[in-house]
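Working notes, beginning with the structure itself.
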Amino acid sequence: MKGCFITATDTEVGKTLASCALSLLVPDALVIKPVQTGCIREGERLAAPDVDMVVRCGGRAEALHCYAPPCSPHLALELAGEALTVAGLAAEVRARQAGEPASPVLVEGAGGICVPINEHESMLDLMQALDLPVLLVVGNRLGCLNQARLSLEALRLRGLAVCGMVLNRACPEDVCDPGCGEAAVSADEARILSDNVQSLTRLGERLGIPLLADVPWLGRLQAADGSVNAAVKHRLCAAFAPVAERLAQVWREQDREQDVVAEDLAFDRDHLWHPYTSATKPLPVYAVQRTHANRICLHDGRELIDGMSSWWCAVHGYGRESLVQALQTQAGRMSHVMFGGLTHRPAVALARELLPLVPGGLNRLFYADSGSVAVEVALKMAVQYQISLGRTKRRHFLTPMGGYHGDTQGAMSVCDPVNGMHTLFSGLLTRHYFTERPACRFDAPYDPACLEDARQKIASLRDEIAAVILEPVVQGAGGMWFYHPQYVQDMLTLCHEHDILLIADEIATGFGRTGKLFACEWAGITPDIMCLGKALTGGMMTGAVTLATDRVAEGIGNATPECGGGLLMHGPTFMANPLFCATALASVRELVASPWQERVQRIEALLNEGLAPCRNMPGVADVRVLGAIGVVETVQPVPIASLQAFFVEQGVWIRPFGRLVYLMPPLVSPDADIATLCAVVCRAVREGLIES
Ligand SMILES: *Cc1c(COP(=O)(O)O)cnc(C)c1O
């Protein structure tokens, strides 16, 4: 959208003057006032004073919502018994602009930048939703440097592009400005005003946000009878000319935006590796501009419904306020400090929050920097535990086929040997032991025979095996397979009969995705070691944890020097990174306080209903749903690039792989969006797009 959001450091500092001038200086400009308060009743109509002023000057302007009380929008709305949302207002502005796409829209806020629109949203949210370049009008008076700096800070924290500032004197220099009281009417006044210009110029230079105009008091633009003073209007336009020039420049840059994106994509193709992709013949990628709630906005203006939660992570959707704030607040205080010899509140607070939530008995926590590293740590813990007991030969693992535990070498060595391409890395990866994929479906009666293979292998290999590692109940990247919880329970019993540890990799399943907070709860067990990651930070930061029982920690810790010496041999540089800890804490708190169980059940019902039509369609091998995970397994591998393109055309983000088209939307997704995701999958299957 071509336009600009005109905001100010306060109310009554000159936004409307800016609108008037720019409506005349910018060809075809349309001023839109989303909410106008302080309207005057003229018969049937509520006259919007700001809009009328622009129109009287000869510009074009419209108010979308008018209210009589001269107060903040939230109060005017409350008094009128009405409610407006930022999403609704943004949609109205967009719709208005769509009618004349060539006309730049100048959206004029109400009051200062944080003025509330409703209980939860402010003008700042509207600016973010519209994502227009922002023009900040600063009232030139005592105190304005503080206001300007605060305003710029708030805009920056929302990732908004401020195209410039205008300093405006809203009253004669020798008149007491209502904003600054008697004290300001003094001999120092002139000095203060001229210093404001210099200080803001320097600040602007430092921040790359130019002070575009210093507008002195020009006299009243409008007389009491509403007539416009032509001389004042003329001077006003002259003063704002550099602002119009700057906007024209910003829009020229915006027009070039598609070229810039094309250059980015070309650079990306030539230099960047993407996951599991060829560097020389990569599959196409889509350029994302921003994300919000459960939406991914592409640079070409398309907005996609997210069906992936960015690989299990974004349970709260994107841009969740509490998470963003936690990250920013922590960054302001301490971004990182080594964890060797030091500790800090975020690390302790996150552990305090997590330990009561995880299966009882997991009392020891290791901070890792990604899921794969958490798995490496778990494997080391298991081996060190066995060594500490003098069982030095127990250096191998047993794991079900079809598993996925990460991409680092140790983790890879326990991934499915075929999916994980073990032959490719033979010699590099330690050979471990594999047992049959848990055959018993989650939704079928349990058959103890499905554990028989594991039972035999453990009996014969027990002296070599340190631990069994598995993804409880849901095998994720290895095939999106849901199996019976009893298998997990029986496996634990089996392990303990032979002093073998059980490692539960809950990096994908943790934090509610399967309908329980942790998938181990389906089986009612406490594993000896557990890995968490992915949704731990709500998708904001990388970071993971490995948890262990006291038995494991004490075993390792009490080892004699010949048996490892008691030190766990791991310590990542970014261990317990405070930004990660603070964000994870906010995310876990947000999740636990939310009705996540209801949400998951609701999504489960919608996925069941929405994907059911696929069941009997040709090319489909299986349809299964568990919690907020919906899977359509196909007979043949799907053509990823063409299917991906179809999904994007249909306005959804779904990333299929292998023989799997699957959905795991953010838990906050609206029902209608889940229905759309399912409908698009059904359509792809019905139209045969799953076959190459
Ligand atoms: C994603 C995943 C991992 C690896 O986590 P990364 O953060 O990608 O290293 C490990 N185990 C499971 C079950 C996963 O889903």
Side-chain angles (χ1 to χ4, degrees), residues 4-26 31 50 53 106 108-115 123 127 133-156 160-181 183-186 188-221 232-250:
C4 161
F5 198 108
I6 301 172
T7 188
T9 50
D10 202 350
T11 186
E12 301 292 329
V13 297
K15 283 192 305 294
T16 305
L17 284 186
S19 295
C20 287
L22 294 173
S23 74
L24 301 176
L25 291 166
V26 173
V31 172
D50 296 354
M53 186 138 129
L106 308 174
E108 186 186 321
I113 64 170
C114 291
V115 161
M123 278 296 152
M127 288 181 224
V134 175
L135 178 68
L136 179 66
V137 181
V138 182
N140 194 358
R141 63 193 190 201
L142 184 67
C144 78
L145 294 179
N146 171 54
Q147 288 183 328
R149 281 160 179 262
L150 287 174
S151 302
L152 291 174
E153 186 70 1
L155 292 163
R156 182 181 66 75
L160 288 160
V162 183
C163 62
M165 292 180 280
V166 171
L167 195 56
N168 178 59
R169 178 66 185 175
C171 63
E173 294 199 0
D174 57 350
V175 166
C176 171
D177 186 302
C180 55
V185 189
S186 70
D188 291 336
E189 179 82 353
R191 219 169 62 203
I192 292 169
L193 298 188
S194 76
D195 172 72
N196 284 343
V197 182
Q198 285 156 22
S199 289
L200 275 189
T201 305
R202 286 198 303 271
L203 178 71
E205 277 167 7
R206 218 165 55 236
L207 301 177
I209 298 171
L211 179 62
L212 299 166
D214 164 27
V215 188
W217 170 247
L218 298 169
R220 298 222 164 273
L221 180 59
V232 172
K233 182 171 106 174
H234 189 74
R235 283 197 299 244
L236 188 68
C237 285
F240 270 88
V243 184
E245 261 169 52
R246 170 77 183 135
L247 286 177
Q249 182 198 352
V250 168

side-chain contact (heavy atoms from CB on, under 4.5 Å), that's the test. Do C20 and K233 meet it? Break it down for me. CA-CA 9 Å; C20 287; K233 182 171 106 174; over 6 Å; no

From N168 atom CG to D214 atom CG, the distance as rounded to the nearest 0.5 Å: 9.0 Å

Considering all heavy atoms of both residues, which atom of V26 and which atom of A244 are nearest to each other, and what is their separation? CG2-CB, 4.4 Å

Distance (rounded to the nearest 0.5 Å) between L203 CG and I209 CD1: 7.5 Å

More than 12 foreign heavy atoms under 6.0 Å from CZ of R235: is that the case here? yes

On a heavy-atom basis, which atom in V31 and which in S23 lie closest, and how many Å separate them? CG2-CB, 3.8 Å

L142 side, atom CG; E189 side, atom CD - distance, nearest 0.5 Å: 7.5 Å

Residue pair A21 / L236: nearest heavy atoms and the distance that separates them: CB-CG, 4.0 Å

Could you pull out all residues at least two apart from D50 that satisfy side-chain contact (heavy atoms from CB on, under 4.5 Å)? T16, K33, Q36, E108

Drop me the distance from L167's CG to Q198's CD, to the nearest 0.5 angstrom. 11.5 Å

V137 vs T9 side-chain heavy atoms within contact, under 4.5 Å: no

Looking at G139, is its backbone amide N or carbonyl O close enough to the side chain of R169 to form a donor-acceptor pair, meaning the two atoms are under 3.5 Å apart? no

Just by modelled atom types, is the N196 backbone N or O under 3.5 Å from a matching donor or acceptor in the S199 side chain? no

Presence of salt bridge, R202 and E205, under 4.0 angstrom: no

Just how far is it from atom CG of L218 to atom CG of L17, taken to the nearest 0.5 Å? 8.0 Å

Just to verify, which of I6, L155, L152 counts as forming a side-chain contact (heavy atoms from CB on, under 4.5 Å) with V134? L155

Tell me, do L212 and L135 make a side-chain contact under 4.5 Å, heavy atoms counted? yes

Using 0.5 Å steps for rounding, measure from the CD1 atom of I113 to the CD atom of Q147. 10.5 Å

Contacts satisfying salt bridge (Lys or Arg N to Asp or Glu O under 4.0 Å) that involve residues 7-25 (not counting sequence neighbours) are D10-R141

Measuring only between side-chain heavy atoms, which start at C-beta, is M123 closer than 4.5 Å to C114? no

Less than 4.5 Å apart, any side-chain heavy atom of L145 and any of L200? yes

Could you pull out the closest heavy-atom pair between F240 and V215, with the gap in Å? CE1-CG2, 4.0 Å

Which atom names give the shortest non-hydrogen contact between A8 and V13, and what distance separates them? CB-CG2, 3.4 Å

Does the pair L106 and C4 meet the rule for a side-chain contact (heavy atoms from CB on, under 4.5 Å), with working shown? CA-CA 5 Å; L106 308 174; C4 161; 4.1 Å; yes

Looking only at heavy atoms, which two atoms of V232 and G219 are closest? And how far apart? CG1-O, 3.6 Å

